[in-house]
Number of protein chains: 2
Amino acid sequence: MDIRQMKYFHAIVKYKTFTKAAQLLHISQPSLSSQIKDLEKELGCVLFERTTKIVSLTEAGINFLKLITPILEQENRIYQEMEDLKEIGLKKVNIGILPSQVFLLPKIILQFKKKYPNIAINIFEMGSKDMEKSLEKYDIHLGLTSPISYSKFLTYLPVYEEELFIIAPFDHPFKTYSHITTSDLIGQDFISYKEGYSLREILLKVCSEAGFKPNIMYECGRLETIRQLVISGMGIAIVPENYIRFAISDKMSIIKIVKSDIRRPLNIIMSKDRHYPKPVHDLKNYFFDFFIETS
Amino acid sequence: MDIRQMKYFHAIVKYKTFTKAAQLLHISQPSLSSQIKDLEKELGCVLFERTTKIVSLTEAGINFLKLITPILEQENRIYQEMEDLKEIGLKKVNIGILPSQVFLLPKIILQFKKKYPNIAINIFEMGSKDMEKSLEKYDIHLGLTSPISYSKFLTYLPVYEEELFIIAPFDHPFKTYSHITTSDLIGQDFISYKEGYSLREILLKVCSEAGFKPNIMYECGRLETIRQLVISGMGIAIVPENYIRFAISDKMSIIKIVKSDIRRPLNIIMSKDRHYPKPVHDLKNYFFDFFIETS
DNA sequence: ATTAATATATAGGTTAAAGCTATAAGTTAA
DNA sequence: TTAACTTATAGCTTTAACCTATATATTAAT
């Protein structure tokens, strides 16, 4: 099967005769007949009921018509989109980012937009696991993440290591603490990120450092939800430095964790086997510089 | 551009080297290189960044990958579906029917299912105009309709002529009438089908017979809505015989229109230039017989 | 630095298939 | 019966997909 044959078939459906279709396709009528014959042989069923006066579609032909239509449409789209791409070079940059880091985007995006006003930035919020998958599927150009595993298809560029904090309800005993050590956390109820998010791994690591398993009351994928649950008194949660720096912090206590070696590494991750256009590299560097400046 | 080339491209993406991909495709490495080169020339952009050690996708390559994926998927589907069709011959029959006639379907479908238990019947309710369009697009095999125009691509098989009735609110003066003549309708408020439905044309014809233009209070596409509006006292409506025969009739008055030559013709319509399989012809005959039996 | 290994690209010839012209065979309408 | 129109067949030509052999380029190891 062949797009060319599909187009031939389509033309016959449109013009209702082989002869007319062949003319419009700029091929001879015998060639067209022969191609349709080959196609029918390959599919194992007759597509047209031919008489000398009229050509009609068989049931199989109708089905085939319905099946090839999206292919022909998509083929046209390919030519158009590749043409667009040639002119602009790059239409949009897709970036993956952890929910805890979205707050630092405005500054970076502003910087990027100044240099590349015509390139759109698409932001995809997701956890560490999904970010690696998205990169491998070429859905995003680069990601800012805290890796929980390492893929050989990706490059990991460390940019920062975040301190960790505890957020607690306003009336929680922790409100009087100036800082927290890991052993203070024993016996507390926790709100945690779900599987595939690095903060979950961090929580487990921190607790295992103090020698206990955390009592996780609730798991979710959105930082805002965690904040609401903490405020409402369901438990305490671990959050990273950048969340504290940029998020609204009223109605809850924020206490730093000290005397722990555990930090949350932030990496920019990119595909190894992908050639990136300049704007993407620039964006990567803006991220990198941002962390150097603010640390 | 060519599905074969798309498959070649896809294989290189998958196996990351030309040599490996060529092996899996059962062609030589130079042939594969040449094909990709041709493809790149046609598209006007480079798809791979090649070094001897690694092959990486360019931005254009990523885009191309995303664009061809649906085509490759659809191609597989074509082979599968055409294979299925060969075995079963016909998987489903699509019929178009007027909303006013759906009530007579159960009996006909039962009859059809007895003979063809493995063929599904898809029912599409629509107005006369849409039914002709659907037939011409091969979306339905046959339609039961009351034609408001005649297309040279369709065959029209008259099967019945319906009497016409008026439905009116329960407290409407018509409730005492044993029958209605067209002149009785002067000055009434009407609920009508919208453009493209034959009952709208019928209403206009009936009123013009009595020499006036109807005052249409509300237009809609669903018979059930019309019934509700009539019951709630918004106006009266013309309905055909088969609606009266099979629909629930409480909470409103139903009065026959007499001394009018106007009937509502019911036709089975089919494509002229389409080869129909036997089950469709049988279904057509079931419709035909049904009307002979019940008239 | 040199060499071995491994990758893609190029050159030139072979083969398969898509194309052509000419003509046959079938159908409809005058 | 014939003229006009259709699709199908026969046989040849041309295009392009494919091959092998070899060149070129890069990496890794000696």
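Residue numbers start from 1 in every chain, and the chains themselves are labelled A, B, ... in the order their sequence lines are given, proteins ahead of strands.
Computed from coordinates, the A:H26 NE2 to D:dT15 C1' distance equals 19 Å when rounded to whole Å. As rounded to whole Å, 17 Å separates atom P of D:dA25 from atom CZ of B:F18. Atom CD1 of A:I12 and atom C1' of D:dT6 are 13 Å apart (whole Å). Here D:dT15 presents its P atom at 16 Å from CD1 of A:I27, a figure rounded to the nearest Å. In this structure, CG of A:L32 is placed 9 Å from P of D:dT7, rounded to the nearest angstrom. Going from atom CD of B:E49 over to atom P of D:dT26 covers 12 Å, rounded to whole Å.
The residue A:S28 sits close to a base: some heavy atom pair falls under 4.0 Å. If you check every strand for non-hydrogen atoms under 4.0 Å, A:S34 touches nothing. Within 4.0 Å (heavy atoms only), B:F48 reaches no atom of the nucleic acid at all. Among the atoms of the strands shown, base atoms are found under 4.0 Å from some heavy atom of B:Q29.
Checked for salt-bridge contact, A:K129 and A:E195 miss the test: no charged N lies under 4.0 Å from a carboxylate O. The pair B:E40-B:R50 meets the salt-bridge criterion, since a charged nitrogen lies less than 4.0 angstrom from a carboxylate oxygen.
Donor-acceptor pairing under 3.5 Å is recorded for the side chains of A:S128 and A:T145. Defined by atom type and a distance below 3.5 Å, a donor-acceptor pair is present between the side-chain atoms of B:S149 and B:E132.
At C:dG19, one or more side-chain N or O atoms of A:Y8 fall inside 4.0 Å of OP1 or OP2 (strictly under the cut-off). Contact check, A:S31 against C:dC20: a side-chain N or O comes under 4.0 Å of OP1 or OP2. Put simply, B:T19 has a side-chain N or O that comes within less than 4.0 Å of OP1 or OP2 on C:dT8. For D:dA8, one of the phosphate oxygens OP1 or OP2 lies less than 4.0 angstrom from a side-chain nitrogen or oxygen of A:R50. Between B:R4 and C:dA17 there is no side-chain N or O to OP1 or OP2 distance below 4.0 Å.
Two residues, A:P30 and A:D2, neighbour DNA chain C, and the one matched to the more 5' nucleotide by heavy-atom proximity is A:D2.
Between B:F290 and B:Y286, a ring centre-to-centre spacing not shorter than 6.0 Å is recorded.
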